[in-house]
Amino acid sequence: MPSAHHLAGLNPQQREAATHLHGPLLILAGAGTGKTSVITRRAAHLLAHGVPPEAILMVTFTNKAAREMRERIAALIGAEPARQLTVATFHGFGSRLLRGGGAARLGYSPRFGLATPSYQAGLVKTLMGEAGAVGEGFDPERFLAAISRAKNALLTPDAMRDQARAPLELKIAAVYAEYQKRLRQMDLMDFDDLLVLILRLWENCPDLLQAHRARYRYLMVDEYQDTNPVQFQIVATLAGTAANLAVVGDDDQSIYGWRGADITNILSFTTHFPAAKVIRLEQNYRSTGAILQAANAVIARNPKRHGKTLWSAQPAGEKITILRVPDDTAEGRIVAEILRDRQAAARRPWTDFAILYRSNHQSRGFEEALRQRQIPYTLVGGRSFFERKEILDGLAMIQAALNPRDDLALLRILNVPPRGIGDKTLETLRQLQQLATGAPLQELLATPEFLAELNPATADQIRRFTATLAHCRGELRQPGNLARAINALFRDLGYLDGLGRLYKPREDALNRHENLMEFITAAAQFEREAGPAATADAFLERFALMDGNDREEKDGQERGVTLMTIHAAKGLEFPEVIVAGLEHNLFPHEMAVKEGNLEEERRLFYVAITRAKERLTLVHCEKRAIRGAPQRRRPSPFLDELPETLVELHTPETVLKPLSREDAKALVLARLRALREE
DNA sequence: AGACCCAGGTTTTTT
DNA sequence: ACCTGGGTCT
């Protein structure tokens with residue numbers, strides 16, 4: 001049996017990791033050391049040694065990583081057995097267990113809805129209003145962040161209240177308690193619940209824990225350095241004493257501390273699991289020698305590490321370019337020109353290039369500069385599509401139709417498009433709800449008592465509104481009808497026609513209509529992919545759990561240069577990388593400087609550097625417009641951490657080298673060809 | 001109830 | 001420079 005073709009091409013350390021069968025294993029995998037390859041092959045190896053595929057659970061951080069993992073396993077062992085493995089994100093796994101019977105045991109229905117971030121914020125804002133937490137210093141986003149942090153640290157509302165040391169914390173705890181109560185009343189969970197409730201489930205129902213342990217006997221966790229306390233608890237609980245648990249990660253790439261990730265999970269793995277075997281993967285297959293040495297030098301300044309030194313068999317390659325430009329306008333322009341030159345000179349596809357930055361708002365300048373020069377690009381992340389008003393409205397319509405108990409979704413769309421519901425009507429409705437001790441609003445809307453309060457025209461509108469929702473509920477639940485049912489819902493609620501009235505420049509309205517159509521197209525595509533499993537609930541869930549990268553699958557179209565944050569770039573690689581805005585208080589970020597989180601910022605810089613395979617350019621501005629006003633900027637201290645021998649300092653004048661005669665000719669020819677094709 | 005206007009605040013990273 | 005939200009006017 002061990003023909004071991006699934007181990008072909010591995011180096012000794014990789015091989016050792018891939019052939020580890022039982023007990024805890026920590027794989028410390030530096031950037032570009034082939035960790036995905038190792039874990040997919042380990043899965044194949046387990047199967048080859050008689051482990052049944054359904055006993056294997058692989059947890060990743062993003063859907064994209066999960067998809068990639070599944071594809072690579074399928075390539076290794078065949079599509080059919082690959083289907084039987086569970087490859088999911090933590091949240092996806094949580095959702096699977098909860099829908100598969102767990103939710104009912106916790107007092108939720110199995111078709112519970114998922115609260116999106118904007119929905120959460122809306123709810124928190126409402127509750128803050130009710131709790132009298134309004135005005136100075138009361139920011140819903142802050143409250144929500146604090147609540148989320150508490151949940152991920154496994155802190156209950158009561159515990160939070162008991163350990164509160166300031167009036168503000170007490171308020172937060174109170175809102176937190178009410179928030180949980182209301183979500184539950186509306187049969188909704190938020191992202192964090194998908195994790196927290198798994199633990200609650202196992203605590204309350206030992207039989208289920210036993211069943212899950214019996215099924216998922218081999219666990220693998222990717223990006224282990226980014227697990228938070230709940231996730232650790234989930235992993236540790238499920239692994240139990242058998243502890244067939246293999247985790248892969250790189251403490252040097254831990255960049256999610258701000259959202260509760262606990263780097264000590266990976267630093268203390270051998271304390272938690274004393275029997276653990278530790279394997280280091282240090283041979284990098286991605287970057288040139290210069291890039292790798294620079295990365296090593298930077299990360300060596302962090303004191304708290306497992307300690308690894310990456311090496312590469314590749315030649316040193318080009319030096320790293322540090323480019324100083326006068327201001328942020330010039331930054332966009334020069335970067336675009338560099339890209340154009342490099343693309344022509346190296347004759348590479350645009351997809352070989354990436355522009356990385358610390359904060360999302362930095363993308364703007366680059367987008368403009370690239371558009372002007374007609375350089376194709378793809379902007380990754382920036383939850384923009386998801387946060388568009390029309391998309392949120394559309395989502396709320398579907399939610400309200402599917403879930404009659406979802407008051408918040410209902411309130412969002414009750415008067416969208418306008419149907420004559422004002423403050424007074426809402427007040428009546430609210431009072432009615434008090435009397436009816438929290439009956440769902442959708443139910444109350446249809447009661448004669450309520451309708452009698454309205455003028456006849458409005459009452460009529462409301463009747464049509466509730467009737468449409470009820471009718472569409474049936475349509476949405478019909479299998480194989482998803483895209484059509486959504487379209488009908490938007491139409492029958494008058495939303496599609498209402499856009500023209502709602503948004504005044506016609507162009508704006510058309511644009512939003514476009515977005516809604518794109519949304520419906522996504523539903524149609526989901527149906528094609530998921531087949532009979534394509535229910536409306538599943539679509540909502542998929543939409544909510546998708547991350548920024550997932551929505552960028554423009555098939556067919558050229559994707560061009562990639563623009564994204566460094567956080568979003570983790571796990572990716574590009575032949576040529578430009579990192580922009582390397583300035584003090586931007587990268588490292590001002591907040592991080594204030595809070596003394598320089599180590600995590602440095603790890604982020606390390607991640608940025610190690611995305612590059614061949615060429616790396618680091619840009620900083622002398623001046624930059626901050627909130628409109630130009631400000632003098634100092635270069636990032638991180639730039640000083642790069643060994644001098646590895647870098648080359650440039651200005652706009654020196655960085656653009658004149659093209660060689662041959663390259664110039666190729667460039668002209670390419671442009672002629674492009675013209676002809678138009 | 002809806003349209004329009006101005007002031008103020010705002011910027012980290014995301015499953 | 002941008003957007004949100006509050007306030008005022010029709």
Side-chain angles (χ1 to χ4, degrees), chain A residues 59-66 88-95 114-118 120-121 125 134 136-137 139-142 144-145 148-149 151-152 190-195 223 226-228 230-231 254-261 328-329 356-365 368 380-383 386-387 389 415-426 455 457-458 501-504 541-550 564-570 581 585-595 597 600-601 603-605 607-608 624-630:
Chain A
V59 184
T60 62
F61 259 75
T62 63
N63 297 299
K64 195 172 170 218
T89 61
F90 271 106
H91 295 86
F93 179 63
S95 151
L114 259 187
T116 62
S118 75
Q120 294 173 274
K125 196 176 166 193
V134 278
E136 283 292 294
D139 176 9
E141 299 288 341
R142 284 226 120 69
L144 184 56
S148 177
R149 238 176 294 122
K151 291 170 92 164
N152 281 298
D190 66 12
F191 282 140
D192 303 324
D193 288 330
L194 293 178
L195 307 179
E223 306 281 13
D226 288 326
T227 49
N228 64 30
V230 201
Q231 290 163 335
S254 161
I255 54 176
Y256 285 104
W258 52 273
R259 76 166 196 223
D328 45 338
T329 319
L356 308 182
Y357 35 79
R358 174 69 239 260
S359 323
N360 270 311
H361 72 264
Q362 290 173 262
S363 68
R364 192 185 227 106
E368 211 164 292
V380 176
R383 329 203 112 249
F386 210 13
E387 277 169 5
K389 267 212 180 60
N415 202 32
V416 178
R419 30 180 89 78
I421 316 278
D423 293 343
K424 221 184 73 201
T425 315
L426 282 179
N455 69 50
T458 313
R501 315 210 158 273
L502 237 33
Y503 299 102
K504 60 164 212 170
E541 169 144 328
R542 148 107 162 225
F543 212 80
L545 288 181
M546 268 195 301
D547 55 55
N549 304 349
D550 295 327
M564 60 183 155
T565 63
I566 300 164
H567 282 89
K570 194 175 63 155
N585 281 350
L586 181 57
F587 190 12
H589 192 274
E590 192 175 359
M591 289 296 207
V593 174
K594 276 199 195 116
E595 289 164 15
N597 278 341
E600 182 155 310
E601 294 290 296
R603 290 193 290 267
L604 195 56
F605 186 46
V607 169
R624 174 182 298 274
I626 305 284
R627 271 174 238 145

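Chain letters run A, B, ... following the sequence lines, proteins first and then strands; every chain starts at 1.
Rounding to whole angstrom units, CG of residue A:Asp193 and P of B:dT15 are separated by 18 Å. Straight-line distance from the OH atom of A:Tyr256 to the P atom of B:dT15: 6 Å, rounded to whole Å. Across the protein-nucleic acid pair, A:Lys64 atom NZ and B:dT14 atom P stand 14 Å apart, rounded to whole Å. Following rounding to the nearest Å, A:Asn63 (CG) and B:dT15 (P) show an atom-to-atom distance of 8 Å. Atom P of nucleotide B:dT13 and atom CZ of A:Phe605 are separated by 19 Å, given to the nearest angstrom.
Using a 5.5 Å limit on the distance between ring centres and a 30° limit on the angle between planes, the aromatic ring of A:His91 does not count as stacked on the six-membered base ring of B:dT15. Put simply, A:Trp258 rests on the base of B:dT13: the two rings are less than 5.5 Å apart at their centres and nearly parallel, under 30°.
The side chain to side chain contact (heavy atoms under 4.5 Å, CB included) test with A:Leu604 is passed by exactly one of A:Ile566, A:Leu356, A:Thr565: A:Ile566.
A donor-acceptor contact under 3.5 Å is not formed by the side chain of A:His567 with the base of B:dT14.
For A:Arg419, the salt bridge (charged side-chain N to carboxylate O under 4.0 Å, His left out) criterion is met by no residue, not counting sequence neighbours.
Residue A:Asn415 is in sugar-phosphate contact alone, with no base atom involved, counting any heavy-atom pair closer than 4.0 Å across all strands shown.
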**Fill in**
Its contact letters, B for base, S for sugar-phosphate only and - for none at protein heavy atoms under 4.0 Å, make nucleotides 1-6 of chain C read BS--S-
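Distances shown here put every side-chain N or O of A:Thr565 at or beyond 4.0 Å from the OP1 or OP2 atom of B:dT12. Contact between the side-chain N/O atoms of A:Asn360 and the OP1/OP2 oxygens of B:dT13 is found at a separation under 4.0 Å.
Of the possible polar contacts, one joining the A:Arg603 side chain to the A:Ser254 backbone as a donor-acceptor pair under 3.5 Å is found.
Listed nucleotides: B:dT13, B:dG2, B:dT14. Nearest to the side chain of A:Arg358: B:dT13. Comparing B:dT14, B:dT11, B:dT12 by their nearest atom to the side chain of A:His361 picks out B:dT11. The nucleotide whose nearest atom lies closest to any side-chain atom of A:His589 is, among B:dT14, B:dT15, B:dT12, B:dT12.
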Where do N or O atoms of nucleotides 5-7 of chain B meet protein N or O atoms at under 3.5 Å, pair by pair?
none

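Using C1' as the reference atom, B:dT12 and C:dG5 are 24 Å apart when rounded to the nearest Å.
When all heavy atoms are compared, the tightest approach of A:His589 to A:Glu601 is N-OE1, 2.9 Å.
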